[in-house]
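Some notes on the structure that comes next.
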Amino acid sequence: MSVAEHQFDVITAGEAMALFMAADGAPLPAVRSFERTTAGAELNVAVGLARLGLRVAYLSAVGDDSLGRHLLDCMDAEGIDRRHVRTDPYHPTGFMLKAQPRDGADPEVEYFRRGSAASCLSAADLPDGALPARLLHLTGILPALSPGCRELAHAMATRARAAGSTITFDPNLRPRLWRSQGEMIAELNELASRADVVLPGLAEGGLLTGRAEPAAIADFYLSRGVRLVIVKLGPGGAYVATADEQRTVPGMPVAHVVDTVGAGDGFAAGVISALLEGLPPAAAAQRGNAVGARVVQYRGDCEGLPTRAQLDALLSM
């Protein structure tokens, strides 16, 4: 299937979740009022890409409940193709609670996703035929949800590789979802080795590879066949490495950090959109830095993801 024949630019899969954000700065047990919005790493990336004008498809499952219907409405509003989002009448939609961040610190978060509709996904949910997208984006969350979700992630990678599609992978570690740290490291490194582009954070890259420096983390994955590794350095920017180029791309200054959750997903959306436009790795990292910097200035996981016009204005500053 040629690029021109692809129905979508990007397809991704994961758990869409309802997010309840605290309306005040109290600890979660004392919060009396929450604002509902959306969450889920892969959904965040899908929203970010759709706002930048890309054709995005999403594979997931939600419960036959009000939270699930809210998520479906949000996907429609963002222009995300959801024909492969199944409504499960037997399992609920997952959700999470998030405290209001203070002084830019990582907020307190609680997940309620055990036995959720998305955790019941399996390779059987994958449509027949080749994946109709130029790029498949996976994270380490999907394979952590259940053995069935792990099979789905690998089946999607196999289909994408057979079709000649690019595969991007963000480890997005969720240690509590795994039976052991050793299992998490082995499974995610196996999935990462099947990708063309790997996007670890510095801390999670260190945990997965046992190496502390960005260059050493990148070398670990490059030696396993990955073509491009971009190590996220937070405010420090990103370290970009291919077989032919290694450099650090400075971060974009942020005067006031409001909420750090979702910054990595925004970074991924920026990088993926740039790569699909044919920009070089350093320019892709620069765009990722810009989107991530904008996301941390807003409450919520998706609220700061820019439109194309907003991104252009940001990069011209």
Side-chain angles (χ1 to χ4, degrees), residues 6-19 36-88 93-96 113 116-118 121 125-127 129-139 141-142 145 149 152-153 156 159-160 165-170 172 261-262 264-277 287-288 291 294-295 298 300-311:
H6 282 127
Q7 186 175 1
F8 301 104
D9 295 307
V10 179
I11 186 169
T12 188
E15 180 168 27
M17 306 182 74
L19 167 61
R36 183 176 67 178
T37 180
T38 64
E42 301 87 356
L43 180 58
N44 295 340
V45 174
V47 170
L49 292 169
R51 288 185 186 175
L52 293 177
L54 279 78
R55 303 165 300 163
V56 185
Y58 184 57
L59 189 155
S60 188
V62 297
D64 186 13
D65 48 40
S66 61
L67 298 183
R69 288 187 286 276
H70 170 70
L71 287 165
L72 295 177
D73 289 344
C74 289
M75 293 176 208
D76 290 341
E78 296 289 351
I80 297 169
D81 188 287
R82 60 171 179 86
R83 72 188 68 182
H84 300 304
V85 178
R86 173 168 55 83
T87 297
D88 185 334
T93 303
F95 68 95
M96 59 185 286
R113 66 197 321 170
S116 68
L121 288 166
D125 289 290
L126 191 59
L131 292 181
R134 298 167 58 195
L135 183 146
L136 166 67
H137 179 65
L138 293 172
T139 82
I141 299 175
L142 178 63
L145 295 176
C149 287
L152 173 61
M156 294 186 78
R159 293 270 191 96
S165 301
T166 299
I167 303 173
T168 56
F169 178 70
D170 185 339
N172 238 314
V261 178
D265 304 326
F267 181 89
V271 167
I272 291 168
S273 65
L275 293 176
L276 286 173
E277 292 171 24
R287 182 182 291 185
V291 176
R294 191 177 196 276
V295 168
Y298 293 79
D301 294 15
C302 294
E303 281 68 11
L305 292 166
T307 63
R308 175 67 64 170
Q310 289 168 337
L311 176 63

Nearest 0.5 angstrom please: Leu152 CG to Leu138 CG, how far? 8.5 Å

Looking at Asp170 and Gly264, what are the two nearest heavy atoms and their distance? OD2-O, 4.1 Å

Could you check Leu43 against Met75 for side chain to side chain contact (heavy atoms under 4.5 Å, CB included), going step by step and ending with a plain yes or no? CA-CA 9 Å; Leu43 180 58; Met75 293 176 208; 4.1 Å; yes

Do Arg308 and Leu54 have side chains that get closer than 4.5 Å, going by heavy atoms? yes

Specify the closest pair of heavy atoms between Arg294 and Gly304, including all atoms of both residues, with the distance to one decimal. NH1-O, 2.8 Å

Could you tell me the separation between the OG1 atom of Thr139 and the CZ atom of Phe169, rounded to the nearest 0.5 Å? 7.0 Å

Could you go through the side chain to side chain contact (heavy atoms under 4.5 Å, CB included) check for Gln310 and Leu305 one step at a time? CA-CA 9 Å; Gln310 289 168 337; Leu305 292 166; over 6 Å; no

Over all atoms of both residues, closest heavy-atom pair of Gly270 and Arg287: O-CD, 3.2 Å

So does Leu136 get a backbone contact from the side chain of Ser165, meaning a donor-acceptor N/O pair under 3.5 Å? no

Name the atoms and distances for all side-chain donor-acceptor pairs under 3.5 Å in residues 58-66, with sequence neighbours left out.
from, atom 1, to, atom 2, distance (Å)
Tyr58, OH, Gly14, O, 3.3
Tyr58, OH, Ala16, N, 3.1
Ser60, OG, Gly14, O, 2.6
Asp64, OD1, Arg69, NH1, 3.3
Asp65, OD1, Leu67, N, 3.4
Asp65, OD1, Gly68, N, 2.7
Asp65, OD1, Thr93, OG1, 2.8
Asp65, OD2, Thr93, N, 3.1
Asp65, OD2, Thr93, OG1, 3.4

Would you check if Asp9 and Leu49 make a side-chain contact, meaning some heavy-atom pair closer than 4.5 Å? no

Considering non-hydrogen atoms only, spot the tightest contact between Val291 and Gly266 and give its length. CG1-O, 3.1 Å

Looking only at heavy atoms, the pair that brings Leu52 and Ser273 closest together is CD1-OG, 3.5 Å

Return the minimal non-hydrogen interatomic distance between Val45 and Asp265, and the atom names on each side. CG2-O, 3.6 Å

Do Leu131 and Leu126 have side chains that approach each other closer than 4.5 Å (heavy atoms only, starting at C-beta)? yes

With sequence neighbours left out, the residues meeting salt bridge (charged side-chain N to carboxylate O under 4.0 Å, His left out) with Arg159 are none

Any Lys/Arg nitrogen of Arg55 or Asp81 sitting under 4.0 Å from an Asp/Glu carboxylate oxygen of the other? no

Interatomic distance, CZ@Arg51 vs CD1@Ile80, rounded to 0.5 Å, equals 9.0 Å

Examine the side chains of Glu42 and Thr12 and answer whether a donor and an acceptor come within less than 3.5 Å of each other. no

To the nearest 0.5 Å, atom CZ of Arg134 lies from atom CD1 of Ile272 at 12.0 Å

Distance, nearest 0.5 Å, that separates CG of Asp73 from CZ of Arg82: 7.5 Å

With heavy-atom distances below 4.5 Å as the criterion, would you say the side chains of Thr38 and Asp301 are in contact? no

Please assess Arg86 against Leu121 for the test side chain to side chain contact (heavy atoms under 4.5 Å, CB included), listing each intermediate value before the final yes or no. CA-CA 9 Å; Arg86 173 168 55 83; Leu121 288 166; 3.8 Å; yes

Can you tell if the side chain of Leu145 reaches within under 4.5 Å of the side chain of Arg113, non-hydrogen atoms only? yes

